J.: 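Mind looking over this structure? Questions follow.
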Amino acid sequence: MTTTPIPKTTEPHPLRNLTAETLNTTAIELKWDQPEDYQSTYRYQVQISGCTSPSRDASTSEEKIIISILPPGTSCTFSIYVEVMNGTKGEELNISRYTRPETVWPVILNQSNSSITVSWSRPNGNVESFEVLLNSSSSSTRSPLLNSSINSYEFKDLSAGKKYTATVTTKSGPFSEESEVTTNATYPNPPRDIFIKKKTTKSIFVEWAPAFFMDDSDGFNYTVIISSSSGTADYSTKASYQNLTNLPSGTPHVICLRTTGPLGLQSESVCSEHVTTRPESVKSLEVDIVKETYMRWKWAPPPDYKDGYYYQVNLTNELDNINLTDVTNDLKLEFKQLIPGARYNITVTTFTSDGTDGSPVNNSACTDTSGLTEDQLKCVGKNHTPVLELEWKNPKGHNSGFKIKAKTNAEVNVHLGEEKTCNETCVYRIESDLTYSTEYSVTIWTVGCGKSGMITTTCKTGVTVPPVVSDNEKVEIRPPSHNEVELILDPIFLNSSNGPILEYGVLVSQSENPTFKKDDLVNSYDDWQKHQDLNYLAVLKKNEIKMDKISIIVGKDSPLREAYRNGPLTPTKTYSFAIVTCTALQMKTDKHVDIHGSICSISGFYKTVYLKQDPLVITTAVGATCGILTVCLCIAIAVFIFLKSSVPLLVEEFDAHYKKQSANTKCGFAEEFE
């Protein structure tokens, strides 16, 4: 049997002009030209290797093919040949091409005030390297190429408070894919020390040192946050100070500062210790009780009072260099052992529990001026002039002087005067409008800056010489006996205008023309008996008379009054009498009147009396004289006849004799009784 031979097919010519174009991250388009002697039955076979596992095959009758679902950023090798229907293959051509790498989504994390870290998630497929670009308004910085295992990069030594943009470029083969831009900023530097410059009840004025190294920042300001139990408030400022207002008084606050930079990023906070607004001041500060050495002050609590408030009280007396300080939780405080008549300045300051002080409230008051005491004051009436002499020791404490008022018991003011203060002993005289031996109510006010001290005492003026009575008609002489004379005195002798008449008496003299003087008061009846030329004080009586007429019997022997007795008078003698009155009488140790310590006056006249013979002597002589009388009768008849013719001459001689007797009285008259 004869076999028919099978025709043999020749290899097709290879395709021409093979190219590869990366379309995206997962597709590559291959293109080529038909081979020579192209036949419609040709098919193109593609084998993919190097980027897939296992290798993939593809077939097409066209002169191009898109290979998809490739891994991004990967180099793929494509082998292409022509195949005829009987399976004959043409020459194989190879070409390699990278897919584009995927882009990443960068994120700026972990930024500080001088660094930024850019991070990203690893993309699908393959990346041979990464590159990070960081831009700001003033600079641009690139990272070195980063291998595919790295997914973050930190930029250091950056400016604080600066806005930055970052991009991440993925690189594979000839391709570089830049990410979207991400924006962030470095944190600003914090402000520095906080200074509390001023506090009021409603505000706090705060300053701070500016943040360091912020000159290259993209703008910043400071945020001030103040918080208390009442709430929180914040302020924003570009300055380095801020007045924080509308705060509650006496309340502790915490003040925190932050620097706020681009994108609202804030620095770390710098906080103060507790800063307390000043408490309100106390109200109605006044002295409650004041005495000479004691003060009690009171006040009302401040508005918006808080628990824990206390008050510091300072009391000063500049004149005496006194400074007293005390602390109290009460609304009053007392001070003891103060100086009378002194001005004290008081300051009350409210403090919060942490020692924050409010504005002090001031006032002043004076302690009462110390008045005189009974043992410090002497009031003496001086004799011979109607004055009151006051003497006192300057009371303790301070005073500016004294006011003195004197008035009568009938409430009539007779004196109102002033006296400056003195060092130790003050002397003051009241000299006008006073009368002798009169009680006056004298009030002395110690004048100072406080309430005046006062003392009232009763003073009596002294006495002087009683008024001299010169009218002899004010003494009546009753018919005397042979050794006694009764004088009836008019009450005018007891005139008390110069002081009450304490003693009165009678001076007696046998002199023909007596002159009565004060020295005669020393002589007593016994002295007269030894020296009958003396004038003597016969009667000395206390003024106890309460009748219209005063009767004094001179010569009526009576008990001794001191050294004086009213001894009997001598019959047939002529006596002169003067009236003595005394507003003050002192006796010496020998019981005689002390004329220097006594105040007496003697009447401006005297009365003269002739005493008749003692009747007993007359009776004895009658019998002896009867015979003589008979003889004398005869002689008398003869004489009568003679005198009858001579009467006019005798009358004239008698008249001359009478006038001579009258001249022997000082300013009165002589009386003679038979």
Side-chain angles (χ1 to χ4, degrees), residues 464-521 523 525 528 532-541 543 545 547-556 564 566 568-583 585 593 595 598-612 654-674:
T464 191
V465 177
V468 175
V469 180
S470 299
D471 186 357
N472 60 15
E473 295 296 331
K474 299 303 180 181
V475 177
E476 176 189 350
I477 297 181
R478 296 285 175 86
S481 67
H482 64 285
N483 61 356
E484 294 180 356
V485 176
E486 183 178 7
L487 307 178
I488 304 299
L489 309 184
D490 190 280
I492 194 173
F493 283 98
L494 302 183
N495 181 355
S496 62
S497 61
N498 288 354
I501 304 301
L502 303 180
E503 306 274 352
Y504 63 91
V506 179
L507 283 172
V508 179
S509 176
Q510 282 189 351
S511 299
E512 184 175 355
N513 294 305
T515 299
F516 292 103
K517 54 188 181 300
K518 190 174 182 180
D519 292 345
D520 297 336
L521 297 176
N523 302 324
Y525 183 85
W528 171 79
Q532 295 195 357
D533 58 340
L534 296 176
N535 300 334
Y536 70 94
L537 181 61
V539 177
L540 181 62
K541 303 185 71 173
N543 180 14
I545 302 298
M547 57 185 67
D548 294 339
K549 298 291 183 179
I550 304 167
S551 174
I552 301 176
I553 299 176
V554 181
K556 183 178 182 179
Y564 302 94
N566 189 9
L569 306 179
T570 303
T572 70
K573 296 293 182 181
T574 298
Y575 285 91
S576 296
F577 307 100
I579 308 303
V580 179
T581 54
C582 300
T583 52
L585 186 69
V593 172
I595 60 175
S598 301
I599 303 175
C600 303
S601 67
I602 301 172
S603 59
F605 64 90
Y606 58 85
K607 290 284 192 175
T608 300
V609 177
Y610 175 77
L611 298 185
K612 62 184 178 180
F654 177 78
D655 183 58
H657 173 73
Y658 177 77
K659 290 180 178 180
K660 181 179 179 181
Q661 288 294 103
S662 298
N664 290 334
T665 65
K666 190 172 183 180
C667 55
F669 58 90
E671 294 189 21
E672 185 173 332
F673 297 87
E674 296 182 358

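Predicted, not measured: the structure shown is a model, and the values here were computed from it. Positions are given from 1 along the sequence.
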J.: Quick one, Cys582 and Leu502 - any side-chain contact, counting heavy atoms below 4.5 Å?
T.: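 In short, these two side chains do not touch, never coming nearer than 4.5 Å.
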
J.: Per the side chain to side chain contact (heavy atoms under 4.5 Å, CB included) rule, which among Leu507, Val469, Leu487 passes with Ile579?
T.: Leu487

J.: For Ser470 and Gly604, which heavy atoms make the closest approach, and how far apart are they?
T.: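 Between these two residues, the closest heavy atoms are OG-CA, 4.1 Å.
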
J.: Within a strict 4.5 Å, meaning less than it, do heavy atoms of the Glu503 and Leu540 side chains meet?
T.: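 The answer is yes, as the side chains (C-beta and beyond) meet within the 4.5 Å cut-off.
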
J.: Tell me whether Asn535 contacts the main-chain N or O of Pro514 through its side chain, where contact means a donor paired with an acceptor under 3.5 Å.
T.: no

J.: Could you state the interatomic distance from CD1 (Ile488) to CD1 (Ile477), rounded to the nearest 0.5 Å?
T.: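 Separation between the atoms: 10.5 Å.
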
J.: Does Ile492 offer a backbone N or O that forms a donor-acceptor pair with the side chain of Asn495 under 3.5 Å?
T.: no

J.: Examine distances only and state if a side-chain atom of Lys549 and a backbone atom of Asp490 form a donor-acceptor pair shorter than 3.5 Å.
T.: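 Not confirmed, Lys549 side chain does not pair with Asp490 backbone.
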
J.: Could you check if a side-chain atom of Leu585 sits within less than 4.5 angstrom of a side-chain atom of Cys600, using non-hydrogen atoms only?
T.: yes

J.: Just checking, any donor-acceptor pair under 3.5 angstrom between side chains of Ser576 and Thr608?
T.: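 Side chains of Ser576 and Thr608: pair found under 3.5 Å.
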
J.: Are the side chain of Ser603 and the backbone of Phe605 linked by a donor-acceptor contact shorter than 3.5 Å?
T.: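 Yes; at least one donor-acceptor contact below 3.5 Å.
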
J.: Is it true that a side-chain atom of Ser496 and a backbone atom of Gly499 form a donor plus acceptor pair closer than 3.5 Å?
T.: no

J.: To the closest 0.5 Å, what do you measure between CG (Leu534) and CG (Asn523)?
T.: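 With rounding to 0.5 Å, CG (Leu534) is 4.5 Å from CG (Asn523).
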
J.: Evaluate the side-chain proximity of Lys573 to Leu611: yes if any heavy-atom separation is below 4.5 Å, no if none is.
T.: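 No. Closest side-chain heavy atoms not under 4.5 Å.
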
J.: Going by atom types only, do Thr574 and Gln510 share a side-chain donor-acceptor pair under 3.5 Å?
T.: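 Checked: Thr574/Gln510 side chains show no N/O donor-acceptor pair below 3.5 Å.
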
J.: Parallel, tilted or perpendicular: which describes the rings of Trp528 and Tyr575, with under 30° parallel and over 60° perpendicular?
T.: tilted

J.: Looking at every heavy atom in both Tyr564 and Val593, which two are closest together, and how far apart are they?
T.: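 Nearest heavy atoms, Tyr564 then Val593: OH-N, 2.9 Å.
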
J.: Could you tell me the separation between the CG atom of Asn566 and the NZ atom of Lys556, rounded to the nearest 0.5 Å?
T.: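 The CG atom of Asn566 sits 9.0 Å away from the NZ atom of Lys556.
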
J.: Under the 3.5 angstrom rule, does the side chain of Lys518 hit a backbone N or O of Ser598 as a donor-acceptor pair?
T.: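 Yes, Lys518 side chain to Ser598 backbone: donor-acceptor pair under 3.5 Å.
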
J.: To the nearest 0.5 angstrom, please state how far the OG atom of Ser481 sits from the CD atom of Glu486.
T.: 10.0 Å

J.: Would you say Ile550 and Tyr504 make side-chain contact, with heavy atoms under 4.5 Å?
T.: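 They are in side-chain contact.
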
J.: Start with the C-alpha gap between Glu484 and Leu569, add the side-chain angles, then the distance that decides, and say whether side chain to side chain contact (heavy atoms under 4.5 Å, CB included) holds.
T.: CA-CA 6 Å; Glu484 294 180 356; Leu569 306 179; 5.8 Å; no

J.: I'd like to check Thr581 versus Ile501 (side-chain heavy atoms, cut-off strictly below 4.5 Å). Are they in contact?
T.: yes

J.: Is Val475 close to Phe493 at the side-chain level, that is, under 4.5 Å between some pair of heavy atoms?
T.: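 Yes, side chains in contact.
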
J.: With heavy-atom distances below 4.5 Å as the criterion, would you say the side chains of Leu489 and Ile552 are in contact?
T.: yes

J.: Counting the benzene-type ring for Trp, do Tyr536 and Tyr525 have ring centres under 6.0 Å apart?
T.: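 Yes; Tyr525 has its ring centre under 6.0 Å from that of Tyr536.
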
J.: For the CG atom of Asn498 and the CD1 atom of Ile599, what is their distance to the nearest 0.5 Å?
T.: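 It is 10.0 Å, given to the nearest 0.5 Å.
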
